[in-house]
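Side-chain atoms are counted along with the backbone in the values below, which use heavy atoms only and exclude waters and symmetry mates.
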Amino acid sequence: MKKNKLKLALIFNVIIILMNVFASVAMFCGFKFMSGYDLVLASNKLGMFRFFTVQSNLFMGIVALIFAIKEYKYLKDDKEISLSSYVLKMVATVSVALTFVVVFAYLGPVVKGGLAALLMNSNLFFHLFIPVFSVITFIFLENDKKIDYKYTIYGLVPTFLYEIYYLSNILVHMENNSVSPVYDWYYFVQNGVSSALIIAPIMLVVTYIITVVIWFANKKTK
């Protein structure tokens with residue numbers, strides 16, 4: 001990896017980490033630095049951790065920290081960054097990219113207040129800035145290691161695990177074959193719990209498409 005590109009990747013990862021820390025602390029404490037819309041897909045204290053948005057961004061923040069340390073060591077001692085680390089970074093990047101796609105392609109048109117309400121306060125970082133910075137970093141700055149196509153299957157893991165959690169939560173709170181939006185916060189089964197049989201596979205397909213696109217872009221800019 002060229003040292004100048006490595007330095008830029010390190011800077012981007014530090015920015016991702018700082019945005020994560022600020023957005024997470026702000027949401028946990030209920031701190032609002034923007035006004036105009038009610039909170040949408042946001043909660044303070046431990047309630048915030050139920051959202052895939054928060055989980056995926058914290059995952060990205062942890063992986064960015066790992067990479068920042070490894071990139072710093074590379075700059076200092078030329079210590080090689082392992083393939084497994086790059087695969088992990090790809091998976092984390094896919095997770096926040098999925099958050100971005102779902103917000104802009106699905107949730108924006110259906111939630112109260114529209115897309116603007118989804119880009120308020122901490123969600124401005126979680127839904128927009130961190131995903132964009134993460135994708136740019138992985139595709140253009142962390143593309144020196146060849147990642148075989150077979151590793152793209154790992155991009156499905158976070159989505160699959162979250163689907164298990166989300167659907168389990170829905171089944172627990174189901175009454176008369178319906179679930180309150182309080183527990184179906186992404187509005188996936190408001191037309192009936194049976195719609196989960198369609199939505200769950202679709203989300204996995206969308207995740208895999210995003211994974212392949214990001215993997216391919218990383219490969220082509222190598």
Side-chain angles (χ1 to χ4, degrees), residues 20 23-24 27-28 38-63 87-115 117-120 122-123 125-128 130-131 134-135 150-215:
N20 242 301
S24 298
M27 184 175 286
F28 187 86
D38 294 332
L39 285 176
V40 177
L41 295 179
S43 180
N44 59 4
K45 296 187 171 60
L46 296 180
M48 63 184 273
F49 295 106
R50 72 180 185 268
F51 298 115
F52 183 79
T53 288
V54 175
Q55 294 181 20
S56 63
N57 276 273
L58 290 179
F59 177 36
M60 184 72 244
I62 293 170
V63 175
V87 173
L88 182 64
K89 190 66 180 295
M90 179 184 71
V91 174
T93 304
V94 168
S95 296
V96 290
L98 176 63
T99 291
F100 177 92
V101 169
V102 170
V103 165
F104 280 81
Y106 167 67
L107 291 173
V110 302
V111 301
K112 182 181 179 181
L115 185 59
L118 292 165
L119 299 177
M120 297 291 293
S122 293
N123 278 337
F125 295 95
F126 287 149
H127 288 160
L128 179 61
I130 294 174
S134 300
V135 171
K150 64 183 180 181
Y151 293 112
T152 56
I153 192 69
Y154 291 113
L156 295 173
V157 173
T159 302
F160 179 72
L161 293 177
Y162 189 79
E163 284 187 346
I164 294 175
Y165 159 71
Y166 193 83
L167 294 177
S168 298
N169 177 69
I170 285 174
L171 292 175
V172 168
H173 295 97
M174 184 171 60
E175 294 182 6
N176 299 320
N177 200 36
S178 63
V179 181
S180 167
V182 173
Y183 304 107
D184 179 25
W185 46 84
Y186 289 125
Y187 310 103
F188 284 153
V189 296
Q190 290 304 291
N191 293 323
V193 177
S194 59
S195 60
L197 299 176
I198 299 174
I199 295 174
I202 288 176
M203 291 306 300
L204 290 174
V205 171
V206 171
T207 301
Y208 193 66
I209 291 172
I210 293 172
T211 305
V212 172
V213 169
I214 288 176
W215 167 83

Quiz prompt | Qualifying residues under ring pair (Phe, Tyr, Trp, His ring centres under 6.0 Å), relative to Tyr187, sequence neighbours excluded | solution =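 Testing Tyr187 for ring pair (Phe, Tyr, Trp, His ring centres under 6.0 Å), a comparison that skips the adjacent residues, returns none.
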
Self-check item: Pairing residues for Tyr154 by the ring pair (Phe, Tyr, Trp, His ring centres under 6.0 Å) criterion, not counting sequence neighbours
Solution: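 Checked Tyr154 against ring pair (Phe, Tyr, Trp, His ring centres under 6.0 Å); zero matches.
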
Quiz item: Does any pair with a residue in residues 89-110 pass salt bridge (charged side-chain N to carboxylate O under 4.0 Å, His left out), and if so which ones, sequence neighbours excluded?
Solution: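 Residue pairs with at least one partner in residues 89-110: Lys89-Glu142.
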
Exercise. Side-chain contact test, heavy atoms from C-beta onward, threshold under 4.5 Å: evaluate it for Phe104 versus Leu119 and give yes or no.
Key: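 Yes, at least one pair of side-chain atoms sits under 4.5 Å.
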
Quiz item: Do Leu98 and Pro131 have side chains that get closer than 4.5 Å, going by heavy atoms?
Solution: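 No, their side chains stay 4.5 Å or more apart.
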
Just jot down the side chain to side chain contact (heavy atoms under 4.5 Å, CB included) partners of [X], sequence neighbours excluded, or say none.
X: Leu171; answer: Met174, Val193
X: Val212; answer: Tyr149, Tyr208
X: Ile199; answer: Phe188, Ser195, Met203
X: Ile164; answer: Phe160, Ser168

Please name all residues satisfying side-chain hydrogen bond (donor to acceptor under 3.5 Å, both in side chains) with [X], sequence neighbours left out, ordered by chain then number.
X: Thr93; result: none
X: Ser95; result: none
X: Thr211; result: none
X: Tyr162; result: Trp185

Has [X] got a side-chain atom pairing as donor or acceptor with [Y]'s backbone, closer than 3.5 angstrom?
X: Gln190; Y: Val179; result: yes
X: Asp184; Y: Ile170; result: no
X: Ser122; Y: Ala23; result: yes

Exercise. May I ask you to check whether over 12 heavy atoms, not counting those of Phe59, lie within 6.0 Å of atom CZ?
Key: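 Atom CZ in Phe59 is packed in, count exceeds 12.
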
Donor-acceptor pairs under 3.5 angstrom involving side-chain atoms of residues 44-54: please list them, not counting sequence neighbours.
residue: Arg50; atom: NH1; partner: Gly47; partner atom: O; Å: 3.0
residue: Thr53; atom: OG1; partner: His127; partner atom: NE2; Å: 3.1

Quiz prompt | Shortest non-hydrogen contact between Tyr151 and Val87, atoms and distance | solution =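 Taking Tyr151 first and Val87 second, the nearest heavy atoms are CG-CG2, 4.0 Å.
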
